[in-house]
Amino acid sequence: MSGKTILKHCKLLGFAEQMDILIIGGLIEEIAQNIEQEGAKIIDVAGNWVFSGLIDMHCNICEPGFENIENIETVSRSAARGGFTSITCEPNTQPVVDNKTVVEYIISKSKEQSSVNIYPYGSMSMGCEGKAIAEIGEMYEAGVVGISDGDQSVNDAALMRNVMRYTKMFDLPVITHCEDSSLSKNGVMHEGYTASCLGLRGIPREAEEIQVGRNILLAKNTGVKLHIAHVSTVGTVRMIREAKKNGIALTCETCPHYFTLTETAVEDYNTYAKVNPPLRTEDDVRAILSGIQDGTIDVIASGHSPVSQTEKQKEFDHAAYGISALETAFALSYTALVEGGYISLERLIALMSKNPAEILKLTQKGEIAVGKDADLIVVETEETYPIEPKLFASKAKFSPFAGQEVKGRIRCTIVGGKIIS
């Protein structure tokens, strides 16, 4: 992009006064007061906050293979509405992202149809089946930014060890969904009092924690960069905290629903709150909030996992797991964490932009600085508004947060200097 744009009267982190941002050719050219540039388009943000665009480390885009549920075009519009200028693509599509051809297809189609940046993950195992290692080397050459089996767990410890040893050669993060299926099978929500009251089969904390412990031990011995997805239990937070203290190369993420909701959200058999891993207890929520505060948790991801309304509107046992989250993740996080007094606004932006950029080695993103990509969002933080799923750009127009009042509305999303929302 060769155009020139000036964002006027921006409130920026680290600056006492309102500043202007000059964008030329999709890059940040200058940050100063009273910038003038002949021929530039002027956008007055009227003293609202301007942050670096959010980066989502856990997002299902469903294409190729499940375009009826979500596709590149709708997920990119949904991401932009939520302030995400870059999103990742989980590999459990159809076909699975387990070879360079599918990687190249996603990258090519994203450039044609997506208004935000899309970065694919390559699968750990062929078909995400956890049986044989995938072609990690050729997917690295094709452009993947991480290795993952999506929301499938690799139960075979020997295979996981080989994945880590091989992936270390390419300095890519290994992103793990941790779930021991021998403990979680047939379960549909957290194992505890609420499950007993509802007569539903439970998933114990140990299903997550056993594999977290195993993967930390394997990462310690292989030296790979381990990233643990959607942390949901008090024990997981404790293990990650101790592992970091012991110098293990480890990062992790959680999602807004794991620090704003508990298992009680599924009362009345509310399938919109059926997610994997499941919503847990007040003790788990407190542990996750503590982990966010003390730096144990590095990233807040959306956990966007769309499914069709038909699959949600079934008996709880048979309803699909999933949540539509791109358009609510920032507002929920801002309201709960910043307005709630747990962390600073600067820390929230690090959790949702700077830290993901560093983990995925997106060196041009994650901060507002001269020479960086002009991926920016304008955010209004004073107005309170209700979450209205029917207005989502995503095809998945449902949310367990429907009607909840939040702050942190995304007023404008800019990707590579281009206004897209």
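Considering every non-hydrogen atom in both Glu70 and Pro306, the closest pair reads CB-CG, 3.7 Å. For the pair Glu191 and Pro204, the tightest heavy-atom approach, listed with the atom from each and the gap, is OE1-CB, 3.6 Å. Of all the heavy atoms in Phe259 and Val285, the pair that sits closest is O-CG1, 3.6 Å. Taking all atoms of both residues into account, the shortest heavy-atom contact from Ser123 to Cys128 is CB-SG, 3.8 Å. The two atoms that bring Val102 and Pro64 nearest to each other are CG1-CG, 4.5 Å, heavy atoms only. Considering every non-hydrogen atom in both Ile133 and Asn162, the closest pair reads CD1-O, 4.0 Å.
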Step by step, would you call Asn215 with Cys178 a side-chain contact (heavy atoms from CB on, under 4.5 Å)?
CA-CA 8 Å; Asn215 290 346; Cys178 297; 3.5 Å; yes
Report the C-alpha distance between Lys361 and Asp171 in whole Å, list the side-chain angles of each, state the deciding distance to 0.1 Å, and finish with yes or no for salt bridge (charged side-chain N to carboxylate O under 4.0 Å, His left out).
CA-CA 10 Å; Lys361 296 194 293 185; Asp171 197 31; 3.2 Å; yes
side-chain contact (heavy atoms from CB on, under 4.5 Å), that's the test. Do Cys59 and Val75 meet it? Break it down for me.
CA-CA 9 Å; Cys59 178; Val75 80; 4.0 Å; yes
Evaluate the criterion side-chain contact (heavy atoms from CB on, under 4.5 Å) for residue pair Thr176 and Gln211; output intermediate values, then yes/no.
CA-CA 9 Å; Thr176 58; Gln211 284 221 346; over 6 Å; no
CA sep, side-chain torsions, deciding dist, call: Tyr385, Val406, side-chain contact (heavy atoms from CB on, under 4.5 Å)
CA-CA 6 Å; Tyr385 68 96; Val406 292; 3.6 Å; yes
Evaluate side-chain hydrogen bond (donor to acceptor under 3.5 Å, both in side chains) for Glu311 paired with Tyr321, printing each intermediate quantity in order.
CA-CA 9 Å; Glu311 293 301 312; Tyr321 293 100; over 6 Å; no
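Checked for salt-bridge contact, Glu112 and Lys109 miss the test: no charged N lies under 4.0 Å from a carboxylate O. The pair Lys244-Asp298 meets the salt-bridge criterion, with a side-chain N (NZ, NE, NH1 or NH2) lying under 4.0 Å from an Asp/Glu carboxylate O. Salt-bridge annotation for Glu358 and Lys354: present, with a side-chain N of the basic residue lying under 4.0 Å from a carboxylate O of the acidic one. Between Lys372 and Glu367 a salt bridge is recorded (basic side-chain N to carboxylate O distance below 4.0 Å). Using a 4.0 Å cut-off between charged nitrogen and carboxylate oxygen, Arg205 and Asp284 count as a salt-bridge pair.
Side chain of Arg214 to backbone of Asn155: a donor-acceptor contact under 3.5 angstrom is found. A side-chain donor-acceptor contact under 3.5 Å links Thr335 to the backbone of Ala331. The main-chain N or O of Ile72 is found under 3.5 Å from a side-chain atom of Ser76 such that the two form a donor-acceptor pair. Side-chain atoms of Thr167 come within 3.5 Å of backbone atoms of Val163 as a donor-acceptor pair (strictly under, hydrogens ignored). Of the possible polar contacts, none joining the Lys390 side chain to the Lys397 backbone as a donor-acceptor pair under 3.5 Å is found. Panel note: side chain Asn99, backbone Thr101; a donor-acceptor pair is recorded below 3.5 Å. Judged by distance alone, the side chain of Glu209 and the main-chain N or O of Ala207 form no donor-acceptor pair under 3.5 Å. For Asp20 (side chain) and Ile35 (main-chain N/O), a donor-acceptor pair under 3.5 Å exists by modelled atom type. Side-chain atoms of Tyr121 never come within 3.5 Å of backbone atoms of Val97 as a donor-acceptor pair (strictly under, hydrogens ignored). A donor-acceptor pair under 3.5 Å links the side-chain atoms of Thr254 to the main chain of Val231, judged by distance alone.
Once rounded to the nearest 0.5 Å, the distance linking NE2 of His304 with OG1 of Thr88 reads 11.5 Å. The CD1 atom of Ile175 lies 4.5 Å from the CE atom of Met57; values are rounded to the nearest 0.5 Å. To the nearest 0.5 angstrom, Leu326 atom CG is 10.5 Å from Ile323 atom CD1. Taken from CD1 in Ile147 to CE in Met164, the straight-line distance is 12.0 Å, to the nearest 0.5 Å. Atoms CG and CG, from Leu351 and Leu54 in turn, are 11.0 Å apart once rounded to the nearest 0.5 Å. Within the model, atoms CG of Asp56 and CE of Met352 stand 7.5 Å from one another, a figure rounded to the nearest 0.5 Å.
Put simply, the side chain of Asp373 reaches to within 4.5 Å of the side chain of Leu27, judged on heavy atoms. Between Ile300 and Leu348 there is a side-chain heavy-atom pair separated by less than 4.5 Å. Between Asn92 and Asp149 the shortest side-chain heavy-atom distance does not fall below 4.5 Å. Side-chain contact between Thr74 and Ser394 is absent, with no heavy-atom pair separated by less than 4.5 Å. Side-chain contact between Asn276 and Glu179 is present, with at least one heavy-atom pair separated by less than 4.5 Å. Side chains of Arg280 and Tyr258 form no contact here, defined as non-hydrogen atoms less than 4.5 Å apart. Looking at heavy atoms from C-beta onward, Ser305 lies out of side-chain contact with Val275 at the 4.5 angstrom threshold. No side-chain heavy atom of Val266 sits under 4.5 Å from any side-chain heavy atom of Lys274.
The local environment of NZ in Lys407 is crowded, with over 12 non-hydrogen atoms from other residues, nucleotides or ligands closer than 6.0 Å. Within 6.0 Å of atom CD in Glu346, 12 or fewer heavy atoms from other residues, nucleotides or ligands are found, so the atom counts as exposed in its surroundings. Counting heavy-atom neighbours within 6.0 Å of Arg77 CZ, excluding the residue itself, gives a total above 12. Around CG of Asn246, the count of heavy atoms belonging to other residues, nucleotides or ligands within 6.0 Å exceeds 12. Within 6.0 Å of the OH atom in Tyr193, the count of heavy atoms belonging to other residues, nucleotides or ligands does not exceed 12.
Classification of the Tyr166-Phe170 ring pair by plane angle, with boundaries at 30° and 60°, yields perpendicular. The aromatic rings of Phe330 and Phe51 sit tilted relative to each other, their planes meeting at an angle between 30° and 60°. Under the 30°/60° scheme for interplanar angles, the aromatic rings of His177 and His230 are found to stand perpendicular.
Screening Glu327, Glu380, Glu383 for a salt bridge (charged side-chain N to carboxylate O under 4.0 Å, His left out) involving Arg409 leaves a single residue, Glu383. Of the candidates Ile292, Thr236, Leu289, Ile292 is the only one forming a side chain to side chain contact (heavy atoms under 4.5 Å, CB included) with Ile297.
Using modelled atom types and a 3.5 Å distance limit, the side chains of Asn117 and Asp375 yield a donor-acceptor pair. No hydrogens or angles considered: nothing links the side chains of Tyr140 and Glu135 as a donor-acceptor pair under 3.5 Å. Using modelled atom types, one finds a donor on one side chain and an acceptor on the other under 3.5 Å when comparing Asp294 with Thr296.
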